[in-house]
Amino acid sequence: MKDTRVKVLSNKKISHVYYKMALDAPYIARTAKPGQFVQIRCNDSFEPLLRRPFSVHRVNGNIEILYETVGSGTEILSNKKEGDKINILGPLGNGFTLPRTTNGEPRAIIIAGGIGAAPLVYLAEELTKKKIKTIVLIGAKTKNLILCEKDFKKATPEVYVSTDDGTYGSQGFVSKLFHKILKTTESKFETIVYVCGPHGMLKCIADICQERKFKCQVSLEEKMACGIGVCLGCAVKTKSGTKLACEDGPVFNASELIW
Amino acid sequence: MAKLEVKIGKIKLKNPVMAASGTFGYAKEFEKLVNLKHIGAIITKTITLNPRQGNPMPRICETSAGILNAIGLQNEGIDNFLKEKIPYLSKIGTPIIVSISGNNIDEFFILARRLDKIKSISGIELNISCPNINCEGLVAQDTKETHEVVKAVRKITDKTIITKLSPNVTDIVKIARAAENAGSDAVSLVNTFFGMAIDINTRKPKLGNITGGLSGPCIKPIALRMVYEVSKNIDIPVIGIGGIMNANDAIEFMMAGAAAIQVGTANFIEPGVCDKIVKGIEEYLKKHKIEKIEDIAGNLDGNN
């Protein structure tokens, strides 16, 4: 974990509220695991005061973050130009646990809801690198909010899409698509589910996994101040007491959480 | 080289920059981000007699140039602190001051008695001003209660006692005097201001606890004024706290009368900030040809 001042390599709008930023952060690129995050200071002034957490979207010598403009911090970030410098602290937290491939061959199902796709592309790349059969389900409200379909397809051929309004892929929530996929792709292997998205969706997927006795890892998004386990702001209720999204998470076993 | 050393009670600090309680964990969290040996003193997250789960979420809310927090003194209790945290803290080589809070005088007394036996602890900060615990009023809002808590702790320990004061009072000087008269070695001020924020779309408070404590650059001018008033009126050292983000802010507090300062919220934004502030103060002294830090303390007479 380091706090470094790094250069913005690119910052592109990829659809109306989503941006992708590449940062010259070789240390983080070298050390970050899928599911870990960084804390970015959007501004050198004290407005906004706090850093903003972003999951590591991809690494390739540099790092990429994928973000949605939702408030003053991300608004400022979206105006950064190539060559601008920003402070970045990371890698932080505990990422996803990848399955061991020695004993049997588990399959992985990745489920992304909206901006929840951000940490999952890197995960899909790492899973397929380990030759783990990986299925990806992407859900969003409508067609132009579907993220990373191409990136996921580069990692695995099995990518399915659903939109709430049916403008692209199957119609309905991604949980409906999950049910459908489970029916059509029976597997004799153990199934591990990785999910990131809105809270309601996480709970829904976690419930299905519990019924089916699948292992399920969820990446939570919480408001944070420090990101390093000091302020105790991002508390998460678990069966083994209060944990912190920043230090103990952001990835938790779904069965550990009190929903 | 300019002299940065200061003395608070019996503690000799190599410089006046202290990491504030609740913003620096138990120091280990920062070991990769700042040189812990460069900090004047480290004040650990407030501990209580029994473990506390803390308040419901959300616990943090950003405001204009500030943060509202309502953590609720979440901690594992003193037993765990002594077992799990003290061994690491003892090895750092920087004075360690332990912040404590109790539900009543007895709890403060018991906590202080147990800490008194630990050689590697240099001092105790009495957190009588946390706004996020459900009691009727704060100890630090009442001169008599403040006096009694400090007196009880003074009885049991010779270690340096720092009493942390609340700004949520009509006359902070009176409370500071009560702490001084009861034997406190120093006062630190200010803890956070009572505050609140509402989400107008959900019509709900932005904090689970409804109200919380405001900190950050937005409180600095008020904190500075309080440090000025208190330091003029008492004889024990005042430790200035409130929105200190850089060396300039720290120097301002010292000119207002603080013998040392604490850095709080800034640790969340720039984890290496304490070290940076020490260097900044040193540069300032060099630039203005000031021999020792004490020469600027409480000095508002201009350059002459």
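Here is how names work: the chains are called A, B, and so on, in the same order as the sequence lines, proteins then strands, and each is numbered from 1.
- In this structure, chain A has a heavy atom under 4.5 Å from the side chain of B:Leu33, while its backbone stays farther away.
- When all heavy atoms of B:Glu29 and A:Gly229 are compared, the closest pair comes out as OE2-O, 4.2 Å.
- For B:Thr23, the part lying under 4.5 angstrom from a heavy atom of chain A is the backbone only.
- Between B:Met57 and A:Glu222 the shortest side-chain heavy-atom distance falls below 4.5 Å.
- A pairwise comparison of heavy atoms in A:Leu49 and B:Met245 identifies CD1-CE, 3.9 Å as the closest pair.
- The NZ atom of B:Lys32 lies 14.0 Å from the CG atom of A:Asp3; values are rounded to the nearest 0.5 Å.
- Inter-residue side-chain proximity for A:Leu232 and B:Ile60 is flagged as unmet; no heavy-atom pair is nearer than 4.5 Å.
- Around atom CD1 of B:Ile210, no more than 12 heavy atoms belonging to other residues, nucleotides or ligands sit under 6.0 Å away.
- Within the 4.5 angstrom heavy-atom criterion, only side-chain atoms of B:Lys45, from C-beta onward, approach chain A.
- Distance check: A:Leu89 CG to B:Glu270 CD gives 11.0 Å after rounding to the nearest 0.5 Å.
- Counted within 6.0 Å of CD on A:Glu221, heavy atoms from surrounding residues, nucleotides or ligands total 12 or fewer; the atom is thus considered open.
- No more than 12 heavy-atom neighbours from other residues, nucleotides or ligands sit within 6.0 angstrom of CZ on A:Phe173.
- Taken to the nearest 0.5 Å, the CE atom of A:Met1 stands 9.0 Å off from the CZ atom of B:Phe30.
- Per-residue heavy-atom pair counts under 4.5 Å with chain B were compared for A:Met224, A:Arg52, A:Glu247, A:Lys2, and the maximum is reached by A:Arg52.
- Residues from residues 56-82 of chain A never place a non-hydrogen atom less than 4.5 Å from a non-hydrogen atom of chain B.
- B:Asn69 contributes atom CG, which lies 8.0 Å from atom SG of A:Cys231 (distance to the nearest 0.5 angstrom).
- A:Leu50 is listed as a side-chain neighbour of B:Ile67, based on a closest heavy-atom distance under 4.5 Å.
- Comparing B:Gly22, B:Gly216, B:Gly272, B:Ser64 by heavy-atom pairs within less than 4.5 Å of chain A, the highest count is held by B:Ser64.
- Of the atoms belonging to B:Phe24, it is backbone heavy atoms, and not side-chain ones, that fall under 4.5 Å from chain A.
- Heavy-atom contacts from other residues, nucleotides or ligands closer than 6.0 Å to CD of A:Glu256 number more than 12.
- Taking 4.5 Å as the heavy-atom cut-off, the residues of residues 15-47 of chain A that approach chain B are A:Arg41, A:Phe46, A:Glu47, ordered by number.
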